[in-house]
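Everything quoted here is computed from the prediction, not taken from an experiment.
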Amino acid sequence: MAFQPPYSPSLFRKRDNASGASVVAIDNKIEQAMDLVKNHLMYAVREEVEILKEQIRELVEKNSQLERENTLLKTLASPEQLEKFQSRLSPEEPVPETPQAPEAPGGSAV
């Protein structure tokens, strides 16, 4: 009598097919999860970018305001006040250019 295995080779084929389908299903679920994570991250990044853009707009506006204020103060300061201020600057800091303020009849800047 010939040797017969206690199993049918067709059982393995069915398992392989079922296993292959299971692997595909798992791969699909992993891909869906990765897409969900990617979408969530993209949304979070877009939200953060909008917040940063708004902060940049606010900082640019504040910077412009401070530059206008600085220019006005330089214009209104007397040459003596400007010299005193510049002498207080540390050597590492560049000395800002001072606009020539028109002098009032009394010899002081307006």
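The shortest distance between side-chain heavy atoms of V49 and K53 falls below 4.5 Å. Residues Q81 and K84 are not in side-chain contact: their nearest non-hydrogen atoms beyond the backbone lie 4.5 Å or more apart.
Not counting sequence neighbours, E83 has no partner by the side chain to side chain donor-acceptor pair (under 3.5 Å) test.
The line from CG of L41 to CD of E48 is 12.5 Å long, rounded to the nearest 0.5 Å. Taking CD1 of I26 as the start and CD of E31 as the end, the distance is 14.0 Å to the nearest 0.5 Å. From E54, atom CD reaches atom CD1 of I51 across 10.0 Å, with rounding to the nearest 0.5 Å.
The number of heavy atoms from other shown groups lying within 6.0 Å of CD (E61) does not exceed 12.
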Verdict with reasoning, Y43 to N39, per side-chain contact (heavy atoms from CB on, under 4.5 Å): CA-CA 6 Å; Y43 176 79; N39 289 336; over 6 Å; no
- prompt: So M42 and R46, side-chain contact (heavy atoms from CB on, under 4.5 Å) or not? Walk me through it.
  reply: CA-CA 6 Å; M42 290 300 290; R46 283 188 198 108; 3.9 Å; yes
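Screening L76, N70, L72 for a side chain to side chain contact (heavy atoms under 4.5 Å, CB included) with K74, the sole residue that qualifies is N70.
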